[in-house]
There are 2 protein chains.
Amino acid sequence: MVDTAPPADAVGTRYGARPTMKDVAAHAGVGLKTVSRVVNGEAGVAQDTERRVREAIAALGFRRNDSARVLRKGRTSSIGLILEDLADPFYAPLSRAVEDVARAHGALLVNGSSTEDPEREQELALALCARRVDGLVIVPASRDHRYLEPEISAGVATVFVDRPPGRIAADLVLSENREGARAGVAHLVAHGHRRIGFVGDRPHIHTAEERLAGYRAAMSDAGLPVDEAWVAPGATDPERVRRDAGRMLGGAEPVTAIFAGNNRVTVTLVRLLAAAERRTALVGFDDFELADLLSPPVTVVAQDPSAMGRRAAELLFARLAGAGGPPHRLSQPTRLVPRGSGELPPDS
Amino acid sequence: MVDTAPPADAVGTRYGARPTMKDVAAHAGVGLKTVSRVVNGEAGVAQDTERRVREAIAALGFRRNDSARVLRKGRTSSIGLILEDLADPFYAPLSRAVEDVARAHGALLVNGSSTEDPEREQELALALCARRVDGLVIVPASRDHRYLEPEISAGVATVFVDRPPGRIAADLVLSENREGARAGVAHLVAHGHRRIGFVGDRPHIHTAEERLAGYRAAMSDAGLPVDEAWVAPGATDPERVRRDAGRMLGGAEPVTAIFAGNNRVTVTLVRLLAAAERRTALVGFDDFELADLLSPPVTVVAQDPSAMGRRAAELLFARLAGAGGPPHRLSQPTRLVPRGSGELPPDS
DNA sequence: CGTGGACTAGACAACGTTGTCAACTCTGGG
DNA sequence: CCCAGAGTTGACAACGTTGTCTAGTCCACG
């Protein structure tokens with residue numbers, strides 16, 4: 001089935017080598033530039049000539065080499081996306097939204113997972129720049145993005161999502177982390193809770209910091225004291241979460257409710273609380289699939305990762321289209337979704 | 001913060017234009033090729049010269065243009081991945097696994113979602129080939145891949161995952177769909193069910209077809225008749241699934257168990273069955289997060305999408321490294337995970 | 001019959017890099 | 001003092017495409 005591909009009469013092409021416009025031109029008996037015109041749909045080629053060229057293209061199985069085109073034109077029609085983990089249910093829709101916008105602009109998406117490693121982020125970003133992507137959408141893992149300055153001033157449109165860039169000014173799309181967390185904790189307060197725990201992500205991550213600030217703000221708004229034993233920022237691995245949450249659920253004055261700083265923490269807490277005898281209220285930051293089917297269904301502060309990806313990509317293409325002005329800072333609202341776990345009364 | 005980037009003494013560079021090796025060479029007072037040698041870590045450059053070149057590179061903010069390099073070298077060190085939907089929880093880990101293998105081989109990943117549209121798949125695949133990716137990993141949406149023949153014979157390593165290619169021979173990594181479904185249905189039979197329904201994906205999709213065949217095989221193995229009213233292939237939208245499942249759950253002789261053909265169907269059925277008064281057993285194809293926390297916890301036939309992605313990518317890089325021979329056809333086993341919903345007894 | 005313009009076509013340089021090759025400078029041994 | 005050989009270095013072509021520019025052909029019009 002392979003033998004149908006490059007016909008034996010191919011001129012100047014060896015097996016395994018691709019035909020070029022030059023080969024097509026020779027095969028069709030026309031000039032190189034004429035082939036280029038046909039391939040790019042430029043005007044000024046006689047119908048009969050065009051037909052001959054198209055036949056030659058089909059016969060040789062020619063496909064334009066876009067690397068050469070890129071070299072000549074300067075634009076690659078591709079954008080890069082760097083995020084923590086492609087497989088994370090929060091980032092997958094974001095990634096998909098970026099892809100959709102890219103597609104609408106005729107661009108391809110190149111992406112990489114930074115795995116929350118600043119060095120890896122930089123390595124990826126610079127590799128993408130070396131390939132001359134037209135723009136970058138970045139969910140930062142690093143806190144210093146000065147390494148991007150030469151790239152940005154060379155014209156690589158760059159938009160940060162979910163977390164702000166470090167030590168440079170650039171376009172940015174954020175969730176309302178602080179306000180969202182504040183609303184979520186206020187919701188627990190409104191249902192009668194006074195001892196509320198916070199289990200979040202590592203505090204050096206911007207979103208984690210903001211959500212913690214929102215928690216403190218809500219407690220303060222309600223005139224409630226915060227026992228530092230109730231506050232547990234840290235890694236999101238289940239073991240750490242179980243340990244810290246277990247601590248605040250035990251003791252003489254256990255918390256009656258927990259606010260979870262992100263979806264992975266929430267899921268771990270759902271497992272932990274399901275196994276406990278006492279009912280503890282729970283509100284989680286980030287929505288997740290099936291949250292409504294758990295018992296009790298999980299109340300969350302929902303973000304809209306798809307909208308964030310879309311807005312970031314649209315901002316990027318607006319810049320590529322020449323939009324000027326100072327860096328934008330877009331804010332994406334969150335939405336409290338009451339489902340049951342956040343409406344449980346304090347048990348005491 | 002931008003003014004620090006391209007220093008004022010840059011020679012031959014305008015703002016917004018990137019410095020090239022030629023610029024670096026001029027700035028360092030050396031030849032073009034010497035810069036190339038330094039950038040690529042080739043031997044044969046005196047220490048002092050190398051230092052001068054490195055200084056010039058830093059001063060100008062030079063970064064090698066990989067499109068030009070690609071044009072010269074022929075290899076892009078990038079591979080393409082085409083799948084139905086990046087954001088689908090089944091494909092996200094697959095995608096991530098492909099990325100990890102690519103990274104281990106120093107390659108970048110370019111990806112696109114076909115949205116189950118054959119034309120879009122072809123458009124994407126050919127666009128990736130035009131950019132001269134070294135290889136392609138494809139979850140097919142189309143049933144005819146002859147359009148790839150010229151590309152494959154031109155040297156683009158191509159591996160299909162999850163579904164076989166149409167009308168060409170190529171490397172392939174599949175799940176054991178038929179055997180998995182058969183085992184899942186046999187599990188229901190073993191728990192006493194005799195009237196078992198099948199709700200699957202559109203029958204023209206290979207995996208859906210195989211799983212349906214597995215269902216029929218298991219019923220036949222057990223000497224059980226299949227009432228065609230119990231068999232509902234079709235789109236995975238919740239409405240269709242509810243309608244078809246509702247039909248087989250009603251009537252005089254309702255099914256006492258359902259086998260769900262994929263994760264989206266399973267989730268819809270979980271919702272439907274949770275709302276019903278009668279307990280119906282359920283086994284789903286594909287595992288999903290939190291399946292163990294539902295009530296009852298959902299028994300599934302689990303695939304390993306990450307392993308599939310990894311094996312496909314490894315196969316691809318083996319081909320790129322020169323491995324010859326006829327197309328491989330790898331089979332990835334499935335695993336029955338009993339959790340509760342599949343062990344419910346028939347209600348009648 | 002000459003001329004101007006529209007249409008068609010191709011020669012050529014350029015994009016920024018790498019491979020090839022020749023030339024130059026040393027060094028040490030004969 | 002000469003020469004072989006190692007160590008450096010850069011000129012140049014090539015990769016496959018597109019932009020510019022020139023030139024030829026044909027027709028309508030004066």
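Within every chain, numbering begins at 1; the chains are lettered A, B, ... in the order of the sequence lines, protein sequences first and strands thereafter.
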Any ion pair linking A:Arg51 and A:Asp48 (charged N to carboxylate O, less than 4.0 Å)?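 Yes, this pair counts.
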Regarding A:Glu50 and A:Arg54, does a basic nitrogen lie under 4.0 Å from an acidic carboxylate oxygen?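 Salt bridge between A:Glu50 and A:Arg54, a charged N being under 4.0 Å from a carboxylate O: yes.
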From CZ (B:Arg120) to CD (B:Glu123), nearest 0.5 Å: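 The CZ atom of B:Arg120 sits 5.5 Å away from the CD atom of B:Glu123.
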Show your working on ring pair (Phe, Tyr, Trp, His ring centres under 6.0 Å) between A:Phe62 and A:His27 and close with a plain yes or no. CA-CA 11 Å; A:Phe62 167 79; A:His27 192 272; over 10 Å; no
Can you list, in residue-number order, the parts of residues 62-72 of chain A that come under 4.0 Å of DNA chain C, counting heavy atoms only?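 A:Leu71, A:Arg72, in order of number.
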Determine whether B:Asp100 and B:Arg310 satisfy the following criterion, salt bridge (charged side-chain N to carboxylate O under 4.0 Å, His left out), listing intermediate values before the conclusion. CA-CA 8 Å; B:Asp100 287 343; B:Arg310 186 171 37 73; over 6 Å; no
At 4.0 Å (heavy atoms only), tell me whether [X] reaches a base, stays on the sugar-phosphate, or touches nothing.
{"X": "B:Lys33", "answer": "base"}
{"X": "A:Val39", "answer": "nothing"}
{"X": "A:Val30", "answer": "sugar-phosphate"}

Locate the shortest heavy-atom distance separating A:Val110 from B:Leu109; write the atom from each residue and the value.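 Smallest interatomic distance, heavy atoms only, reads CG1-O, 3.3 Å.
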Could you report the tightest heavy-atom contact between A:Arg132 and B:Ser67, atom names first, then the distance?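 Heavy atoms only, the tightest pair is CG-OG, 3.9 Å.
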5' precedence on DNA chain D between A:Leu32 and B:Gly44 (nearest-nucleotide basis):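 Mapping each residue to its closest nucleotide by heavy atoms, the 5'-most match is B:Gly44.
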Where does the chain B footprint on DNA chain D start and end, counting 5' to 3' with a 4.0 Å heavy-atom cut-off?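 Result: D:dT8 to D:dG16.
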Any luck finding a side-chain donor-acceptor pair between B:Ser113 and A:Glu99 under 3.5 Å?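 There is such a pair (donor and acceptor under 3.5 Å, judged by atom type) between the side chains of B:Ser113 and A:Glu99.
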